[in-house]
Amino acid sequence: MRCHLKQVFLLVAGLFILTRVFIYMRREESGNLKGSLTWIWDKETWVEDLKGHYLHFNISIKVLAGVFQPFKKYLTVGLSSVKREKGSYLQDTLQSIFSASSEEELDQIVVVVLLADFDVSWIQQTLEKITDEFHTRLSKGQLLVIHANEDNYPPLTGLKRNFNDAADRVTFRSKQNVDYSYLLYFSSNLSQYYIMLEDDVSCSKNFLTSMREHIGSVGNSKWVTLEFSKLGYIGKLYQSRDLPILARFLYNFYQEMPCDFLLSHFHRLLMQEKVIRFRPSLFQHMGTYSSFKGTFNHLKDEDFVEEVADNPPADISTNIETYQTNTVDKAYSQGLEYFWGVSPIGTENYILVVFHDPVLISRVQIVTGLDGKDELVYADVELGKTLVKKESEVECSGFDKLGSLQQGQFSEPAVQKLVPAAVACLRIRVTVAQTTWVVVRKIQVWTVKADQTR
């Protein structure tokens, strides 16, 4: 009973703290960011009963490189980096962010790197490398490098050993929570949105444009976190107005659990019950060795693609019987759902994608099957040039064969060499009957951009 009361009290205390922080931060003046930023938290805003669960927050964050812009950008990309025993991926991560983005996209982005190690020589060496390689990005206000001194941190030893973690791992993950807390608060007034990455990540081409489309698809629905990767704390998007309360949340519970665990509680506390994750993933873990003791880390996101498909507007149909609500349009939507068709499946069956406007295609990829089952074994992929509209349907003709599925998969990266003209439709035509059901997970189409035709 006593334990239960303690848990209830801690939950109520946590909710009270979140509420008070939210109200307080809405009341704060944003102020002007100059060479450094100081966050002073007023301890008197907390009631006496909660002071035993309260950590005083008073930090100074130094800007080591980069210039502030006089206006807010669309997106802040935040990442924290520490010295690693094996490997170093920070330069590659920054290069991926900038090379995956057009100049127009970069004008809407600011990347904030927190050098979070306490080794002064490593900070200096890393800073020199960044300024040498990315001096243009720094001068344009597209990159900021920051640091918080060790004396700004709360105790990092003698902490709770939740989850039976070893003491050194508890120290590592607790410090990481504080690192992210400082990074989030510093970034809270730089842009409309904020996305968290790690320092060993590669990015999908034009990820900002893809994110804009997904944010637009949410519409006026209330959300706290949108996810663009399924791994840890990679690719988690927030509205910047929520960053101060999230920063305080991570700081106040820094020793309780890893940051990705805390974040799952955070969006539920702010009444987003379900995870909102988009596919394909826009960010991939590239590192081989962890920043904790250099341990081997082979984590990969299977939903990541280097270049998100265009999938131009189209009507999708099939004469394969559909199982429940797993309709064929879900294979084309690039979401988490898929088409599931019922057997028997014969040579008269097909899936047809009719584009709203003729398109010049550069690449096509089709993925079928799930967990090694329900693959579409034998089928041809064809492109049609002519549409004939009838009363109840649209017929496509003038087909050119691109190729055949192999082991349930199809990928043609050079469609324009095979079919150089604009096409009206894409057809997946079954060539051999099968008795098993079929899952079509992805129908992906990339189009030729205007600047590629010049």
Side-chain angles (χ1 to χ4, degrees), residues 66 73-82 84 87-101 105-106 108-117 126 130 133-134 137 142-146 173 176-188 190-212 214-215 225-240 242-243 246-247 250 258-260 262-263 266 277-292 297 299-301 303-306 308:
K73 301 218 175 180
Y74 183 78
L75 179 71
T76 298
V77 180
L79 55 143
S80 173
S81 186
V82 295
R84 293 172 178 261
S88 178
Y89 311 102
L90 177 58
Q91 304 289 108
D92 292 337
T93 298
L94 291 174
Q95 185 58 48
S96 179
I97 293 170
F98 293 124
S99 63
S101 307
E105 289 172 323
L106 289 175
Q108 303 173 63
I109 294 175
V110 57
V111 181
V112 180
V113 178
L114 172 65
L115 298 182
D117 207 273
T126 305
I130 292 174
E133 185 171 353
F134 302 104
R137 303 304 173 192
Q142 296 168 350
L143 175 61
L144 295 170
V145 184
I146 63 175
R173 63 171 170 79
Q176 190 175 57
N177 282 334
V178 181
D179 295 339
Y180 286 144
S181 173
Y182 294 168
L183 176 59
L184 288 162
Y185 182 75
F186 177 86
S187 304
S188 62
L190 299 179
S191 61
Q192 184 177 357
Y193 298 101
Y194 173 95
I195 193 161
M196 181 68 79
L197 300 186
E198 294 180 0
D199 66 348
D200 53 356
V201 168
S202 59
C203 305
S204 179
K205 186 176 180 181
N206 302 118
F207 64 88
L208 176 65
T209 298
S210 298
M211 286 171 50
R212 269 187 178 276
H214 287 307
I215 293 169
T225 310
L226 301 182
E227 302 190 6
F228 294 92
S229 171
K230 69 178 183 180
L231 299 178
Y233 205 2
I234 297 173
K236 305 304 183 281
L237 181 80
Y238 303 93
Q239 298 170 84
S240 292
D242 291 332
L243 296 187
L246 175 56
L250 289 177
C259 56
D260 49 337
L262 283 172
L263 291 171
F266 180 74
R277 186 168 78 84
F278 294 99
R279 194 184 73 178
S281 297
L282 302 181
F283 306 98
Q284 178 65 287
H285 179 258
M286 73 159 82
T288 305
Y289 299 100
S290 169
S291 52
F292 176 66
N297 187 348
L299 285 177
K300 293 294 178 184
D301 188 335
D303 294 328
F304 171 76
V305 296
E306 291 187 5
V308 177

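Basis for what follows: all heavy atoms, side chains included, without hydrogens, waters or symmetry-related copies. Bear in mind the structure is a predicted one, so any value in this text is a computation, not a measurement.
- Distance alone, capped at 3.5 Å, is enough to place a donor-acceptor pair between the Ser96 side chain and the Cys203 backbone.
- Distance check, rounded to the nearest 0.5 Å: CD1 of Ile195 to CG of Leu197 gives 6.0 Å.
- Contact record, Leu231 with Lys236: O-NZ, 3.4 Å, taken as the closest heavy-atom pair.
- Met211 is listed as a side-chain neighbour of Leu75, based on a closest heavy-atom distance under 4.5 Å.
- Nearest heavy atoms, Ser101 versus Ile109: OG-CD1, 4.2 Å.
- Between Pro258 and Arg173 the shortest heavy-atom distance is CG-CD, 3.6 Å.
- Side-chain atoms of Thr93 come within 3.5 Å of backbone N or O of Val201 as a donor-acceptor pair.
- Of the candidates Asp199, Ile146, Leu94, Thr126, Leu94 is the only one forming a side chain to side chain contact (heavy atoms under 4.5 Å, CB included) with Val113.
- Checked by atom type and distance alone, the side chain of Ser188 never pairs as donor or acceptor with a backbone atom of Ser240 at under 3.5 Å.
- The backbone N or O of Asp301 sits less than 3.5 Å from a side-chain atom of Gln284, completing a donor-acceptor pair.
- A donor-acceptor contact shorter than 3.5 Å links the side chain of Asn177 to the backbone of Cys259.
- A 4.5 Å side-chain heavy-atom check between Phe186 and Leu144 finds at least one atom pair inside the cut-off.
- When all heavy atoms of Ser204 and Ala100 are compared, the closest pair comes out as O-CB, 3.6 Å.
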Go through the steps for Tyr74 and Ile215 under the test side chain to side chain contact (heavy atoms under 4.5 Å, CB included), then give the verdict. CA-CA 12 Å; Tyr74 183 78; Ile215 293 169; 3.4 Å; yes
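- Phe207 has its side chain within reach of Ile97: a pair of non-hydrogen atoms, C-beta onward, lies under 4.5 Å apart.
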Side chain to side chain contact (heavy atoms under 4.5 Å, CB included), that's the test. Do Val112 and Leu190 meet it? Break it down for me. CA-CA 10 Å; Val112 180; Leu190 299 179; 3.7 Å; yes
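- For Phe304 and Phe283, the distance between ring centers is not under 6.0 angstrom.
- Considering Leu79, Leu184, Thr76 as possible partners of Met196, the one that fulfils the side chain to side chain contact (heavy atoms under 4.5 Å, CB included) test is Leu184.
- For the atom pair His214 NE2 and Phe228 CZ, the distance stands at 6.0 Å (nearest 0.5 Å).
- Checked by atom type and distance alone, the side chain of Ser88 never pairs as donor or acceptor with a backbone atom of Arg84 at under 3.5 Å.
- When every heavy atom of Ser229 is checked against every heavy atom of Ser281, the shortest pair comes out as CA-OG, 3.7 Å.
- Taking the six-membered ring where the residue is Trp, Phe266 and Tyr238 present perpendicular rings, their angle passing 60° and hence far from 30°.
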Quick one: do Thr209 and Glu105 satisfy side chain to side chain donor-acceptor pair (under 3.5 Å)? Show the steps, please. CA-CA 8 Å; Thr209 298; Glu105 289 172 323; 2.4 Å; yes
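- Under the 4.5 Å side-chain criterion, counting only non-hydrogen atoms from C-beta, Ile130 is in contact with Gln91.
- For the side chain to side chain donor-acceptor pair (under 3.5 Å) with Gln108, the qualifying choice from Gln192, Lys73, Arg212, Gln142 is Arg212, the only one to do so.
- Between Leu282 atom CG and Ile234 atom CD1 the span is 12.0 Å, to the nearest 0.5 Å.
- Within the 4.5 Å cutoff, side-chain heavy atoms of Tyr193 are placed close to those of Gln239.
- The backbone N or O of Val305 lies less than 3.5 Å from no partner atom in the side chain of Lys205, so there is not a single donor-acceptor pair.
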Go through Asp242 and Thr225 one step at a time and tell me if the side chain to side chain contact (heavy atoms under 4.5 Å, CB included) criterion holds. CA-CA 10 Å; Asp242 291 332; Thr225 310; over 6 Å; no
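- When side chains are defined from C-beta on, Arg137 counts as touching Leu106, because their heavy atoms get closer than 4.5 Å.
- Taking the six-membered ring where tryptophan is involved, the planes of Phe134 and Phe98 are tilted, since the angle between them lies from 30° to 60°.
- Counted within 6.0 Å of CD on Glu306, heavy atoms from surrounding residues, nucleotides or ligands total 12 or fewer; the atom is thus considered open.
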